[in-house]
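FYI, side chains are in, hydrogens and waters are out, and symmetry mates aren't considered; it's all heavy atoms of this structure.
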Amino acid sequence: MVFLNKTTLFLMLLTLCIVPTFVRGQGTRVGFYSSSCPRAEAIIRSTVQAQFQSNPTVAPGLLRMHFHDCFVQGCDGSILVNGPNAEKTAPPNRLLRGYEVIDDAKTQLEAACPGVVSCADILALATRDSVALMNGPSWAVPTGRRDGRVSLASDVTNLPSFVDSVDVQKKKFADLGLNTLDLVALVGGHTIGTGACQVFKYRLYNFTTTTSSGADPSIDPSFVSQLQSLCPQNGDATRRVALDTGSPNRFDTSFFANLRSGRGVLESDQKLWTDASTRTFVQSFLNGRGPTRMDFNAEFARSMVKMSNIGVKTGTDGEIRKICSAINA
């Protein structure tokens, strides 16, 4: 059992306390719907719980969807819009899932409070509730976002890629106001969810001049055979594999332990350990061997609030969609 000293506990509490203050300056605030739609968060939470019970994969699906939404034109629900050239049709978004959860919640909210709660806020709140259902942290979500009126696949150019170096990842995050700690904490969300064989299979077979197995030498040799059996060279490229082989259905730090052991599935994830600038934070989340001990749950929650304020539309900007998959006429 780990005991926190008074100083560490105070700093953690202070961090949690200052989050709403940071966000309020962005035009959002905790409790935005307390008068206009008092049951909004309860409706969304119960919807997520019901959907999760029948299909637990919606939890990591919503987390990824929120991330993809915020990195393209800000957190404005544009990922939810249908259309032949909408964001969701871009290659990195084609495997996103969880749309039915947002649609279900929106239907109920329109019945209770017509034209009040934005789809962007529904996604942000549903993501928080999904993480909590996977034994992860919960946090106060500042609300008041409005929905964007534009959704174009051609705008999907800044999403982090599974082949990005750490420097490229840091640049993409920094461009949106997120620092290296945010990067490591948010990528830690891969503790839940899966990745298709097609996004990492090259690591298993394309290094024939480097290793006898043909695999990326940064992968733990004992892990290579396991991945190759799950993703045969000529097998189903869409088959999904857990990104956290230790506990894929539980939000915890085993994802970071896997990186330390060379068992990161995605190349971009494993690089967080091989690069010194990010390894420091991975170590801190694991067992305090970095310069300061950090609580992963607390830092993840802080970074999620920070990310969820990227490019938000508030006030009279944007709209409140009647249906999340369609921009208002």
Side-chain angles (χ1 to χ4, degrees), residues 48 51 55-106 118-128 130-131 145-164 168-169 171-173 175-176 178 183 186-190 192-202 236-243 265-269 304 307-313 318 321 323-327:
V48 173
Q51 294 273 356
N55 180 14
T57 66
V58 300
L62 288 169
L63 175 57
R64 185 181 178 207
M65 186 189 298
H66 186 37
F67 183 94
H68 283 220
D69 184 43
C70 292
F71 264 68
V72 180
Q73 301 298 325
C75 309
D76 65 351
S78 51
I79 188 65
L80 305 170
V81 176
N82 289 338
N85 299 305
E87 280 179 33
K88 63 170 59 176
T89 67
N93 293 333
R94 289 174 187 167
L95 296 179
L96 292 179
R97 59 193 186 278
Y99 295 105
E100 68 278 9
V101 182
I102 307 302
D103 291 339
D104 186 0
K106 181 62 171 176
S118 70
C119 300
D121 275 344
I122 295 173
L123 179 54
L125 290 162
T127 298
R128 184 267 312 273
S130 293
V131 170
R145 299 167 191 78
R146 288 170 65 84
D147 299 319
R149 295 191 179 102
V150 176
S151 180
L152 296 172
S154 57
D155 288 336
V156 184
T157 58
N158 197 46
L159 281 174
S161 166
F162 53 86
V163 297
D164 283 347
V168 170
Q169 292 182 68
K171 173 68 165 54
K172 288 181 177 180
F173 276 68
D175 286 346
L176 297 174
L178 301 172
L183 162 63
L186 291 171
V187 172
H190 285 169
I192 56 176
T194 59
C197 289
Q198 63 194 20
V199 300
F200 65 86
K201 192 161 64 172
Y202 68 94
D236 181 5
T238 64
R239 181 176 182 179
R240 304 194 71 83
V241 174
L243 296 178
V265 175
L266 302 182
E267 180 183 356
S268 56
D269 288 353
M304 283 296 292
M307 183 194 77
S308 72
N309 260 324
I310 295 172
V312 294
K313 295 170 176 61
R321 283 189 217 130
I323 300 172
C324 289
S325 60
I327 295 168

Students often mix this up, so state it plainly: with edges at 30° and 60°, are the rings of Tyr202 and Phe162 parallel, tilted or perpendicular?
tilted

Do [X] and [Y] have side chains that approach each other closer than 4.5 Å (heavy atoms only, starting at C-beta)?
| X | Y | result |
| --- | --- | --- |
| Gln198 | Thr238 | yes |
| Leu186 | Met304 | yes |
| Val72 | Ile79 | no |
| His68 | Val156 | no |

Minimum heavy-atom distance between [X] and [Y], given as atom pair plus value:
| X | Y | value |
| --- | --- | --- |
| Leu80 | Cys119 | CD1-CB, 3.7 Å |
| Ala120 | Arg146 | CB-O, 4.2 Å |
| Val241 | Cys197 | CG2-SG, 4.1 Å |
| Thr127 | His66 | OG1-CB, 3.2 Å |
| Lys106 | Ile122 | CD-CD1, 3.7 Å |

Test salt bridge (charged side-chain N to carboxylate O under 4.0 Å, His left out) applied to [X] - qualifying residues, sequence neighbours left out:
| X | value |
| --- | --- |
| Arg321 | none |
| Asp164 | Lys172 |
| Asp236 | none |

Please identify each residue that fulfils side-chain contact (heavy atoms from CB on, under 4.5 Å) with [X], with sequence neighbours left out.
| X | value |
| --- | --- |
| Ser78 | Asp69, Asp76, Glu87, Ser151 |
| Thr89 | Ala153 |
| Ala126 | Ile44, Val48, Leu62, Ile102 |
| Leu152 | Val150, Ser154, Asp155 |

Taking everything shown except Leu95 itself, do over 12 heavy atoms lie less than 6.0 Å from its CG?
yes

Does Ser118 offer a backbone N or O that forms a donor-acceptor pair with the side chain of Asp147 under 3.5 Å?
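Looks like no, no N/O pair under 3.5 Å.
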
Any donor-acceptor N/O pair, Arg145 side chain to Gly77 backbone, under 3.5 Å
no

Pairs meeting criterion disulfide (SG to SG under 2.5 Å) with involvement of residues 75-105, two or more places apart:
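Every disulfide (SG to SG under 2.5 Å) pair that includes a residue of residues 75-105, provided the two are not neighbours, is Cys70-Cys75.
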
Name all residues meeting the ring pair (Phe, Tyr, Trp, His ring centres under 6.0 Å) criterion together with Phe200; count only those two or more places apart in sequence or in a different chain, and write none if there are none.
none

Taking only residues two or more places apart in sequence, or in another chain, which ones meet His190 in a side chain to side chain donor-acceptor pair (under 3.5 Å)?
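For His190 the side chain to side chain donor-acceptor pair (under 3.5 Å) partners, ignoring immediate neighbours, are Asp269.
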
Partner residues of Asn158 under the side chain to side chain donor-acceptor pair (under 3.5 Å) criterion, sequence neighbours left out
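Partners of Asn158 by the side chain to side chain donor-acceptor pair (under 3.5 Å) criterion come out as none, since no residue qualifies.
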
Contact list for residues 82-105, test ring-ring contact (aromatic ring centres under 6.0 Å, His included), sequence neighbours left out:
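Passing the test, one end in residues 82-105: no pairs.
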
